Amino acid sequence: MNNRFKVVITDLITEPLDAERGVLDEVADVVALDAKCEADLIGQIEDADAVMVYHYLTFSKSSVDRLKQCRAIVRPGVGYDAIDLAAARQRGIPVCNVPDYGTEEVADSAVAMAVSLARGTHLLNSRLRRGVGQWNVDQATPIARLRGRRFGIIGCGRIGTAAALRAKAFGLEVAFYDPYRPDGLDKALGIRRIERLDELLATSHIVSVHCPLTEETRGMIAGPQIARMPRGSFLVNTARGGIVDTVAVVEALASGRLAGAGIDVLEHEPPPHDSPVLAAWRDPNHAAHDRLLLNPHTAYYCDEGCEEFRTKGAKEVLRALLGEPLRNVVN
Ligand SMILES: NC(=O)C1=CN([C@@H]2O[C@H](COP(=O)(O)OP(=O)(O)OC[C@H]3O[C@@H](n4cnc5c(N)ncnc54)[C@H](O)[C@@H]3O)[C@@H](O)[C@H]2O)C=CC1
Ligand SMILES: O=C(O)C(=O)CO
């Protein structure tokens with residue numbers, strides 16, 4: 001009889017599983033499914049003692065209900081919006097995340113996008129490659145001075161705070177909207193708290209989104225909110241696609257309301273081939289084409305960070321298997 005536990009990694013991570021096996025090898029067999037959708041999990045997770053779910057997969061009630069003996073669903077990452085927390089709670093299965101990895105990298109990526117867009121780096125490179133415009137100053141390209149302009153943060157938690165510190169180093173005036181942060185954060189960081197989202201949007205030259213995807217934040221930045229932003233401003237989203245309506249972003253880029261947008265996350269990942277966002281981004285004749293900086297959900301990515309979330313995720317799994325107290329239960 002096999003007394004070893006079975007741990008299933010549902011998506012994203014594939015062989016070799018050195019980080020996970022390094023932690024779990026003594027007690028568990030680790031299997032990576034590389035699932036592309038929930039249907040790929042059928043017949044694979046029923047006997048799992050723990051599952052590790054990455055950000056490509058929705059883990060809905062139907063997957064939760066498939067688990068017959070699972071001690072924990074571990075999300076080796078920060079955002080756990082794709083997992084049905086209520087269904088897991090109902091089944092008595094704890095869901096845990098890894099909140100403390102990659103903070104600096106996501107902040108670096110967000111601010112890098114913002115700076116590249118505002119300084120025209122991305123746009124000039126693209127135009128130069130296509131032979132559009134002239135060598136040296138291109139009047140058609142908006143190139144903004146950063147110093148003194150407002151960098152508005154939506155959600156000033158770990159990543160938002162790290163982005164604030166970086167933006168300050170560029171001489172930007174930093175403000176944030178986050179109704180859940182206690183008083184005093186503004187003074188501690190030397191940044192401005194703004195009580196209303198509308199006001200943050202209307203007064204920021206660059207807006208960077210860093211809140212989680214929740215019932216409250218889904219669709220939070222759509223056409224009407226973008227219309228509040230000053231003409232020629234910039235929007236960066238490295239949080240979750242569902243927070244920002246990217247079709248509205250493309251329209252605002254085309255109309256000139258937004259001068260640029262940096263998008264690391266989309267509502268559906270990978271995006272379908274007929275996605276209007278991809279179409280605009282690919283088409284050199286589309287007005288939004290080179291004002292849209294698109295990354296494939298890689299704001300967190302670096303070798304060291306990957307090692308960190310994989311090892312920390314595996315350690316949480318180990319605690320669940322051994323019946324030890326868990327570090328980060330979110331349901
Ligand atoms: N693109 C990527 O590679 C990555 C994206 N993320 C995303 O970044 C998000 C933020 O991560 P952290 O800063 O580490 O989380 P955090 O939990 O430290 O901070 C989130 C902040 O958002 C605030 N918030 C919640 N609801 C809000 C609302 N309605 N309006 C304004 N603020 C609100 C919270 O009060 C909190 O201060 C994650 O939830 C995840 O979705 C995280 C890691 C990697
Ligand atoms: O950690 C996260 O939330 C990410 O988006 C990367 O998986």
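Just so you know, ligand 1 is whichever comes first in the structure, and atom 1 is the first atom listed for that ligand. Remember, predicted model here, so these are calculated numbers, not experimental data.
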Ring center gap for Y54 and H297 short of 6.0 angstrom: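 No, the ring centres sit 6.0 Å or more apart.
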Just to be sure I read this right, does ligand 1 sit under 4.0 Å from the backbone of [X], its side chain, both, or neither, counting only heavy atoms?
X: C156; result: backbone
X: R240; result: side chain
X: H210; result: backbone
X: Y301; result: neither

Does an N or O from [X], backbone or side chain, lie closer than 3.5 Å to an N or O of ligand 1?
X: D264; value: yes
X: Y101; value: no
X: L213; value: no

Side-chain donor/acceptor of H122 to backbone N/O of D290, under 3.5 Å: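 Yes; judged by distance alone, with no hydrogens or angles, the pair exists.
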Main-chain N/O of R240 paired with N237 side-chain donor or acceptor, under 3.5 Å: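 A pair under 3.5 Å: yes.
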Provide the number and element of each atom of ligand 1 under 4.0 Å from a heavy atom of [X].
X: V78; value: 11 (O), 14 (O), 38 (C), 42 (C), 43 (C)
X: V106; value: 4 (C), 43 (C), 44 (C)
X: M220; value: 28 (C), 29 (N), 30 (N)
X: H297; value: 1 (N), 2 (C), 3 (O)
X: Y300; value: 3 (O), 44 (C)
X: R181; value: 37 (O)

V317 side chain reached by M52 side chain, heavy atoms, under 4.5 Å: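 In contact.
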Ligand 2 N/O within reach of R75 N/O, cut-off under 3.5 Å: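 In this structure, R75 places an N or O atom under 3.5 Å from an N or O of ligand 2.
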Nitrogen or oxygen of G77 less than 3.5 angstrom from that of ligand 2: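 Between G77 and ligand 2 (N or O atoms, distance only) the closest approach is not under 3.5 Å.
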CA sep, side-chain torsions, deciding dist, call: E173, R149, salt bridge (charged side-chain N to carboxylate O under 4.0 Å, His left out): CA-CA 6 Å; E173 189 239 326; R149 289 209 151 87; over 6 Å; no
Proximity flag Y101 to ligand 2, non-hydrogen atoms under 4.0 Å: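 Judged by the 4.0 Å heavy-atom criterion, Y101 does count as contacting ligand 2.
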For [atom], what's the nearest protein heavy-atom neighbour? Residue, atom name and distance, please.
atom: atom 25 (C) of ligand 1; value: P212 CD, 3.5 Å
atom: atom 28 (C) of ligand 1; value: T217 CG2, 3.8 Å
atom: atom 17 (O) of ligand 1; value: R158 NH1, 4.3 Å

From E105, H297, H55 - option closest to atom 5 (O) of ligand 2 by heavy atom: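 When every heavy atom of E105, H297, H55 is considered, H297 comes closest to atom 5 (O) of ligand 2.
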Pair H205-F234, ring pair (Phe, Tyr, Trp, His ring centres under 6.0 Å): steps then yes or no: CA-CA 6 Å; H205 193 70; F234 300 92; 5.7 Å; yes
R240, portion touching ligand 2 at heavy-atom distance under 4.0 Å: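 The side chain, only.
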